[in-house]
Amino acid sequence: MSNCRVCGNYYKEFIDFGMMPIANSFKPKIDIYEEKFKMSVGFCQKCMIVQLLHQPDPTKMFHENYAFFSSTSFLMQNHFKKFANQVIESKKLNDTSLVLEIGCNDGILLQNFKSKNINCIGIEPSKNVATKAEEKGIRVITEFFNPDTVSKIEKEFQKIDAILSANVICHIPDVNSIFSGVKKILKNNGVFIFEEPYLLDIIKKNSFDQIYDEHVFLFSVMSVSFLAKKHDLELFFVEHQETHGGSMRYTIGHKGQNIIDKSVLKQIEIEKNNNLHLESSYFYFENNIKKIRDDLLVLLKNIKSNNKKVVGYAATSKSTTLINYFKITPDLLPVIYDTTPNKHYTFSPGANIPIRPYSEFHESNPDFVLLFAWNHSKEIMHKENEFMKKNRKWITYVPEVKIS
Ligand code: SAH
Ligand code: TYD
Ligand code: ZN
């Protein structure tokens, strides 16, 4: 039993993944001390949120050597360009407006405001990625968004027209302080828009690998609506996104300032029809994960005993959960290729699988390619179409293990 971070209620765990390393801690050497934490997940029946019971200290995950650079995906670049344009149009933003992004990473979203002369500030604690955003001319406060940063923002800037965030709010354990901070710095008619991997997609797709140290919450419309109300804010619009295997974009305003769109109640109804409000649903999820584990291990062992070659594609954070929970060793998966320079010639967290540059992928001449970045499968499968035609097969594992 543990206390819910949102509402204080007691809740129980429904899956225990065991001791896990930090998902993005790719190591320069094998024999290096690794921080581990007990990764178990629970569901709170009062506020309907799914959360990790324990989480490493945020400074152990987000620092000057953070491994994830948002702009590695062209599809995500397009996605964030559209996101920015949508906000600019709907809020009629111009050069007197102010936009703030929580977790701007390398500036993938804010660059689209900057290029239109709309004032913007990024809050980004990971210095190496923040520097990339600064190189694009974006003003970045290299700190965690927390009550102290909120005080600084209140002193230095006018109230904000649009507070934006993508794949960040679910990373912040003290989510109540985020919402209370937003309440303070948001203009009367301003909007707080954030998007995160969506609980319903995760449950439907069995995408358990979305669960790792950074993702302390898996949000639903029910739980975000609860959170907003708790802070005298109002969730008034939701919009499903295809990114990260299925995400939800939540639009929040001050209470009473906006007409609540029918999308909110409709989505809550869909969530209830899918039993997201029932504890029992989460136990089925665990059984599905175990089936994926058993099927994938049989497949990898068969490939090995048939002297075929399998390699991993994309050293994602998600892969850390799968590899460590399934206990996959370099013996079963000898290498993972990835495009991110910081990850090259490192070893995967926990399992020590070598990470090599993507430039070496084609010459490795594999028979099977295990796709860890399944959320970018459209982009990747299109890119590798010619190569894979030559008698090679993809292995994917959500919603089930499949060879194609
Ligand atoms: N928005 C980007 C980055 C997501 S990765 C995208 O969607 O691609 C998560 C980012 O959140 C990291 O860059 C991390 O440094 C940042 N982050 C983590 N905790 C934060 C906090 N408390 N305040 C602001 N940013 C935070
Ligand atoms: P993503 O699913 O966004 O990562 P995470 O699970 O960490 O949130 O994938 C990003 C990783 O995938 C990053 O290490 C780069 C790698 N990648 C490739 O190697 N090739 C590609 O074509 C793409 C799109 C990503
Ligand atoms: Zn709760």
Side-chain angles (χ1 to χ4, degrees), residues 2-11 23-24 26 42-51 58-59 61-63 66-77 79-80 83 101-110 122-130 133 141-146 149 164-175 177-178 181 194-197 209-210 212 214-216 223 226-227 230 243-245 247 312-321 336-344 355 357-358 361 371-384:
S2 215
N3 274 114
C4 171
R5 290 181 178 81
V6 172
C7 73
N9 188 36
Y10 276 114
Y11 71 101
N24 262 314
F26 292 87
F43 167 69
C44 171
Q45 277 178 310
K46 186 175 169 198
C47 70
M48 308 286 164
I49 209 155
V50 172
Q51 65 196 295
T59 55
M61 297 180 280
F62 310 114
H63 42 59
Y66 185 57
F68 177 75
F69 288 73
S70 299
S71 298
T72 47
S73 161
F74 291 114
L75 275 190
M76 290 311 286
Q77 291 184 27
H79 171 77
F80 285 123
F83 183 6
E101 187 185 359
I102 305 174
C104 69
N105 198 279
D106 59 13
I108 189 169
L109 174 63
L110 288 184
I123 313 288
E124 176 49 68
S126 301
K127 200 167 177 18
N128 60 334
V129 294
I141 300 176
T142 314
E143 284 174 34
F144 286 91
F145 186 83
N146 58 25
T149 338
L164 309 177
S165 194
N167 310 303
V168 175
I169 305 302
C170 73
H171 293 60
I172 305 177
D174 188 4
V175 70
S177 76
I178 301 301
F194 68 96
E195 59 186 48
E196 308 288 328
D209 56 349
Q210 287 284 11
Y212 53 90
E214 295 180 20
H215 289 173
V216 64
S223 57
F226 182 101
L227 248 168
K230 186 170 158 59
T243 49
H244 289 296
S247 297
Y313 195 107
T316 58
S317 331
K318 295 184 284 292
S319 69
T320 299
T321 294
I336 303 173
Y337 295 99
D338 192 281
T339 52
T340 312
N342 291 42
K343 295 183 187 175
H344 296 162
I355 315 297
Y358 169 71
F361 167 62
L371 180 59
F372 288 118
W374 53 263
N375 48 315
H376 298 293
S377 61
K378 223 173 164 181
E379 175 174 356
I380 291 172
M381 287 184 179
H382 177 72
K383 183 163 81 178
E384 306 298 350

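Both counts, for ligands and for their atoms, begin at 1 and track the order of listing. Throughout, residue positions are numbered sequentially from 1 according to the sequence presented.
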Ligand 1 N/O within reach of I108 N/O, cut-off under 3.5 Å: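 No - when backbone and side-chain N and O of I108 are compared with those of ligand 1, no distance drops under 3.5 Å.
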Side chain, backbone, both or neither: the part of N375 lying under 4.0 Å from ligand 2 by heavy atom: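 Side chain only.
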Region of F372 that comes within reach of ligand 2 [heavy atoms, distance under 4.0 Å]: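 No part of F372 comes within reach of ligand 2.
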Atoms of ligand 2 close to [X] [distance to a heavy atom under 4.0 angstrom, numbered from 1]:
{"X": "K383", "result": "21 (C), 22 (O)"}
{"X": "I380", "result": "21 (C), 22 (O), 23 (C)"}
{"X": "K318", "result": "1 (P), 2 (O), 4 (O), 5 (P), 6 (O)"}
{"X": "T340", "result": "13 (C), 14 (O), 15 (C)"}
{"X": "Y212", "result": "8 (O)"}
{"X": "H244", "result": "3 (O)"}
{"X": "A315", "result": "14 (O)"}

Geometry at the Zn ion (ligand 3) - C44 SG versus C47 SG angle, rounded to 10 degrees: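 Taking the Zn ion (ligand 3) as the apex, the two atoms subtend 110°.
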Angle subtended at the Zn ion (ligand 3) by C7 SG and C4 SG, rounded to 10 degrees: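 Output for this angle: 110°, rounded to tens.
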[atom2] on [Y] to [atom1] on [X], rounded to 0.5 Å:
{"X": "N375", "Y": "H244", "atom1": "CG", "atom2": "NE2", "answer": "6.0 Å"}
{"X": "S317", "Y": "D209", "atom1": "OG", "atom2": "CG", "answer": "10.0 Å"}
{"X": "H376", "Y": "F74", "atom1": "NE2", "atom2": "CZ", "answer": "12.0 Å"}
{"X": "L109", "Y": "S165", "atom1": "CG", "atom2": "OG", "answer": "9.0 Å"}

Ligand 2 contact by Y358, heavy-atom criterion under 4.0 angstrom: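 It does not; every heavy atom stays at 4.0 Å or beyond.
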To check your reading of the model: name the closest protein heavy atom to [atom], its residue, and the distance in Å.
{"atom": "atom 3 (C) of ligand 1", "answer": "S70 OG, 3.4 Å"}
{"atom": "atom 10 (C) of ligand 2", "answer": "F68 CE1, 3.9 Å"}
{"atom": "atom 23 (N) of ligand 1", "answer": "F145 N, 2.9 Å"}
{"atom": "atom 5 (S) of ligand 1", "answer": "Y66 OH, 3.7 Å"}
{"atom": "atom 10 (C) of ligand 1", "answer": "V168 CG2, 3.8 Å"}
{"atom": "atom 12 (O) of ligand 2", "answer": "A314 CB, 3.4 Å"}
{"atom": "atom 9 (C) of ligand 1", "answer": "N167 O, 3.5 Å"}
{"atom": "atom 16 (C) of ligand 2", "answer": "D338 OD2, 3.2 Å"}
{"atom": "atom 18 (C) of ligand 2", "answer": "T339 OG1, 3.3 Å"}

Looking at [X] and [Y], would you say the former's side chain and the latter's main chain have a donor-acceptor pair under 3.5 Å?
{"X": "H171", "Y": "H215", "answer": "no"}
{"X": "S126", "Y": "Y66", "answer": "no"}
{"X": "E124", "Y": "A130", "answer": "no"}
{"X": "D106", "Y": "S71", "answer": "yes"}
{"X": "S319", "Y": "A315", "answer": "no"}
{"X": "N342", "Y": "A67", "answer": "no"}
{"X": "N105", "Y": "F69", "answer": "no"}

Just by distance, no angles: are the side chains of [X] and [Y] close enough, under 3.5 Å, to form a donor-acceptor pair?
{"X": "H79", "Y": "E195", "result": "yes"}
{"X": "E214", "Y": "N24", "result": "yes"}
{"X": "T340", "Y": "D338", "result": "yes"}

Crowding at NZ, K127 (>12 non-hydrogen neighbours, <6.0 Å):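 No, not enclosed.
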Closest non-hydrogen atom pair between R5 and P173, with its separation: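 Shortest heavy-atom separation between R5 and P173 comes out as CD-O, 3.4 Å.
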For C4 against C47, the heavy-atom pair lying closest together: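 Nearest heavy atoms, C4 then C47: SG-SG, 3.6 Å.
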Per [atom], closest listed option by heavy atom ([options]):
{"atom": "atom 17 (N) of ligand 1", "options": "P125, S177, A133", "value": "P125"}
{"atom": "atom 13 (O) of ligand 1", "options": "H244, E195, E124", "value": "E124"}
{"atom": "atom 24 (C) of ligand 2", "options": "K343, H376, E214", "value": "H376"}

Part of F62 with heavy atoms under 4.0 Å of ligand 1, whether side chain, backbone, both or neither: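 Answer for F62: side chain.
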Per-residue contact class, I172 against ligand 1 - non-hydrogen pairs under 4.0 Å: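 Side chain only.
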Trace of the ring-ring contact (aromatic ring centres under 6.0 Å, His included) decision for Y337 with Y313: CA-CA 5 Å; Y337 295 99; Y313 195 107; 8.3 Å; no
Find all atoms of ligand 1 within a distance of less than 4.0 Å from any non-hydrogen atom belonging to [X], and give their numbers and elements.
{"X": "I102", "answer": "23 (N), 24 (C)"}
{"X": "A166", "answer": "1 (N), 2 (C), 4 (C), 6 (C), 7 (O)"}
{"X": "F68", "answer": "5 (S), 8 (O)"}
{"X": "H171", "answer": "9 (C)"}
{"X": "I123", "answer": "24 (C), 25 (N)"}

Near-ring test F43/Y11, centroid separation under 6.0 angstrom: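 That pair fails the under 6.0 Å test.
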Polar atom proximity, [X] to ligand 2 (N or O, under 3.5 Å):
{"X": "S317", "value": "yes"}
{"X": "T72", "value": "no"}
{"X": "N24", "value": "no"}

P58 heavy atom under 4.0 Å from ligand 1: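 Per 4.0 Å heavy-atom rule, P58 does not contact ligand 1.
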Aromatic F68 / basic K318 pairing, under 6.0 angstrom, 45° off normal: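 No.
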